Every structure is written in structure tokens, then in C-alpha cells.
Amino acid sequence: MTKEEALKQFAYLGAVWFGNSKQHFAFSAYDRLNGWNKLADKWKEEAEEEWDEAEEVLNRLVELGCKPADLQEAMKTIEFPFCDDPKQQIEGDYNPTAIAELSKLAEAFNDDYVTKKLIEKWIDGEQAHMAWEAQYLGYINKLGYENFLIAMM
């Protein structure tokens with residue numbers, strides 16, 4: 001991956017986090033309205049973390065000489081589904097390949113310690129994110145969907 005491609009991917013990552021943050025805030029509000037407060041709290045926590053990560057990406061991009069238009073261009077290519085069903089919310093968000101993608105991006109910044117360390121920090125966060133989603137999907141399989149929803153109240 002060239003440096004230019006890596007910067008473009010880094011901008012795309014920022015766009016993903018801005019979009020995911022908005023999506024997860026919406027999931028949180030909807031789930032709370034339906035009484036699934038434990039799930040709503042989890043989505044809100046994720047939304048806040050993603051917003052912070054998006055800000056870190058944007059700040060680092062500016063430090064690297066990129067312009068806001070670079071992020072805007074990346075945002076045009078991404079669609080975020082807004083699901084009403086909690087199981088669909090989790091399944092749609094669950095992306096175990098994200099860790100490998102982040103690892104590959106980190107390698108592209110071997111000569112940029114600051115950016116590489118930011119990405120490595122996000123890999124840890126993504127591992128935790130995938131773990132709770134896998135856990136919740138496991139609960140749905142073991143408990144049944146209705147019992148899972150009751151447990152989320």
C-alpha cells in the first residue's frame with residue numbers, strides 16, 4: 001500500500017467512525033425507548049468511543065497535511081443501515097475482518113510512529129467491540145431472542 005493509499009484509507013476510517021457513531025447513537029435511543037436499557041447503554045458507549053476516534057483521525061489527518069475535503073470524499077461512499085431490530089443491529093455491525101484491515105493499515109504507517117500507535121490503540125478497541133458483539137450474538141443463540149431482549153431490559 002502506498003503512502004497516498006494509506007492516507008486515503010485513514011480518511012475512510014475517520015468517515016466510518018463518524019458514521020458509526022451517529023448510527024450507534026440512533027440504536028441507543030431506539031433501544032432505550034423500547035426498554036432495552038442494557039443494550040442502549042452499550043450502543044451509547046460505543047457511539048461515544050467512535051466519535052472520539054473519529055476526532056483523533058481527523059486531527060491526525062490535518063497534522064499530516066490532509067484537508068477536510070479528503071474526509072468528505074470518503075464519507076460519500078459509505079452507507080450505514082439504521083435497523084429497528086436489535087439482533088439486526090448487532091449482526092449488521094459485527095465485522096471481525098476489521099481487525100485485520102486495521103492491522104494492515106498500521107503496517108502502512110511503519111515510518112510514522114504517531115499514526116501507527118493510534119491505529120494500534122484502535123485495534124485493541126475493535127477487539128473489545130467484536131468480543132461483546134460475539135458474546136451478545138451467543139446469548140441470542142443460547143437464550144433465544146425473546147429471552148435475550150428480556151435480559152437487556
Side-chain angles (χ1 to χ4, degrees), residues 1-34 36-140 152:
M1 176 180 309
T2 67
K3 194 62 161 187
E4 185 177 306
E5 291 170 333
L7 283 172
K8 205 172 227 178
Q9 185 66 25
F10 196 58
Y12 178 81
L13 185 62
V16 166
W17 273 322
F18 275 125
N20 275 346
S21 180
K22 292 187 281 184
Q23 178 193 47
H24 293 165
F25 273 119
F27 289 171
S28 176
Y30 182 78
D31 291 351
R32 190 168 315 284
L33 179 67
N34 283 284
W36 306 309
N37 293 324
K38 291 177 185 174
L39 185 56
D41 290 345
K42 195 65 180 161
W43 283 126
K44 185 175 182 209
E45 176 186 320
E46 289 296 322
E48 290 169 349
E49 287 175 15
E50 288 160 347
W51 188 263
D52 291 344
E53 290 164 345
E55 285 183 309
E56 288 175 328
V57 171
L58 186 56
N59 287 333
R60 186 64 187 146
L61 283 168
V62 170
E63 290 169 0
L64 293 171
C66 294
K67 296 177 177 53
D70 298 325
L71 185 62
Q72 179 187 19
E73 190 61 34
M75 291 185 89
K76 289 178 185 176
T77 64
I78 306 168
E79 291 186 28
F80 296 93
F82 287 80
C83 308
D84 299 339
D85 179 73
K87 182 179 178 186
Q88 290 175 348
Q89 292 169 359
I90 299 167
E91 288 173 337
D93 196 66
Y94 185 64
N95 179 12
T97 63
I99 295 164
E101 293 166 8
L102 284 170
S103 296
K104 184 178 176 185
L105 183 61
E107 289 177 22
F109 287 98
N110 279 334
D111 63 339
D112 179 347
Y113 178 82
V114 174
T115 304
K116 183 172 181 152
K117 285 299 168 192
L118 275 175
I119 296 168
E120 288 172 346
K121 180 183 89 168
W122 299 328
I123 289 170
D124 292 341
E126 196 63 25
Q127 287 171 330
H129 180 79
M130 291 300 110
W132 80 258
E133 287 181 330
Q135 179 184 37
Y136 280 31
L137 291 171
Y139 290 158
I140 291 169
M152 290 294 107

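Not measured: the values here are computed from a predicted model.
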List the steps and the verdict of side-chain contact (heavy atoms from CB on, under 4.5 Å) for F27 and K44. CA-CA 8 Å; F27 289 171; K44 185 175 182 209; over 6 Å; no
Looking at side-chain heavy atoms only, is the closest gap between Q23 and N20 below 4.5 Å? yes
With sequence neighbours excluded, tell me which residues meet side-chain hydrogen bond (donor to acceptor under 3.5 Å, both in side chains) with E133. H129
Please give me the minimum heavy-atom distance between A47 and S21, naming the atom from each residue. O-OG, 2.8 Å
Below 4.0 angstrom, N of the basic side chain to O of the carboxylate: do E107 and K104 qualify? no
Show your reasoning for whether ring-ring contact (aromatic ring centres under 6.0 Å, His included) applies to F82 and Y30. CA-CA 10 Å; F82 287 80; Y30 182 78; over 10 Å; no
Using a 4.5 Å cut-off on heavy atoms from C-beta on, say whether the side chain of K116 contacts that of Y113. no
Any donor-acceptor pair under 3.5 Å linking the side-chain atoms of N95 with those of E101? no
I'd like to know if K38 pairs up with D31 as an ion pair, taking the criterion as any Lys NZ or Arg NE/NH1/NH2 lying under 4.0 Å from an Asp or Glu carboxylate oxygen. no
For A108 versus A6, what's the shortest heavy-atom pair and its separation? CB-CB, 3.7 Å
Quick one, K3 and F109 - any side-chain contact, counting heavy atoms below 4.5 Å? yes
Take atom CD in E63; do more than 12 heavy atoms of anything else shown fall under 6.0 Å from it? yes
Check the pair D84 / N34 against side-chain contact (heavy atoms from CB on, under 4.5 Å), numbers first and verdict last. CA-CA 10 Å; D84 299 339; N34 283 284; over 6 Å; no
Sequence neighbours excluded, which residues qualify as side chain to side chain contact (heavy atoms under 4.5 Å, CB included) partners of D85? K87, Q88, Y145
Who passes side-chain hydrogen bond (donor to acceptor under 3.5 Å, both in side chains) against Q135, sequence neighbours left out? Y139
Start with the C-alpha distance between F25 and W43, add both sets of side-chain angles, then the distance that settles ring-ring contact (aromatic ring centres under 6.0 Å, His included), and finish with yes or no. CA-CA 7 Å; F25 273 119; W43 283 126; over 10 Å; no
Do the non-hydrogen side-chain atoms of F10 and I119 ever get within less than 4.5 Å of each other? yes
Across all chains, not counting sequence neighbours, the side chain to side chain contact (heavy atoms under 4.5 Å, CB included) partners of N59 are none
Validation row: E53, L118 side chains within 4.5 angstrom (heavy atoms): no
Answer whether the closest heavy-atom distance between the side chains of D112 and R60 falls below 4.5 Å. yes
Going through the checks in order, is the side-chain contact (heavy atoms from CB on, under 4.5 Å) test met by F80 and D93? CA-CA 9 Å; F80 296 93; D93 196 66; over 6 Å; no
Sequence-distant partners of D52, side chain to side chain contact (heavy atoms under 4.5 Å, CB included), two or more places apart: E55
Is there side-chain contact between I90 and L39, with heavy atoms separated by less than 4.5 Å? yes
Smallest heavy-atom separation, E126 atom then A98 atom, equals OE2-CB, 3.8 Å
Residues that K42 engages under side chain to side chain contact (heavy atoms under 4.5 Å, CB included), provided they are two or more places apart: E45, E46, W132, Y136
State, with a plain yes or no, whether a side-chain heavy atom of W17 is found less than 4.5 Å away from one of E56. no
How many angstroms lie between atom CG of L13 and atom CG of L7, to the nearest 0.5 angstrom? 12.0 Å
Does this structure show an ion pair linking K8 with E5, if we count only N-O contacts that are shorter than 4.0 Å? no
Can you list the steps and then say if Q127 with I123 is a side-chain contact (heavy atoms from CB on, under 4.5 Å)? CA-CA 6 Å; Q127 287 171 330; I123 289 170; 4.1 Å; yes
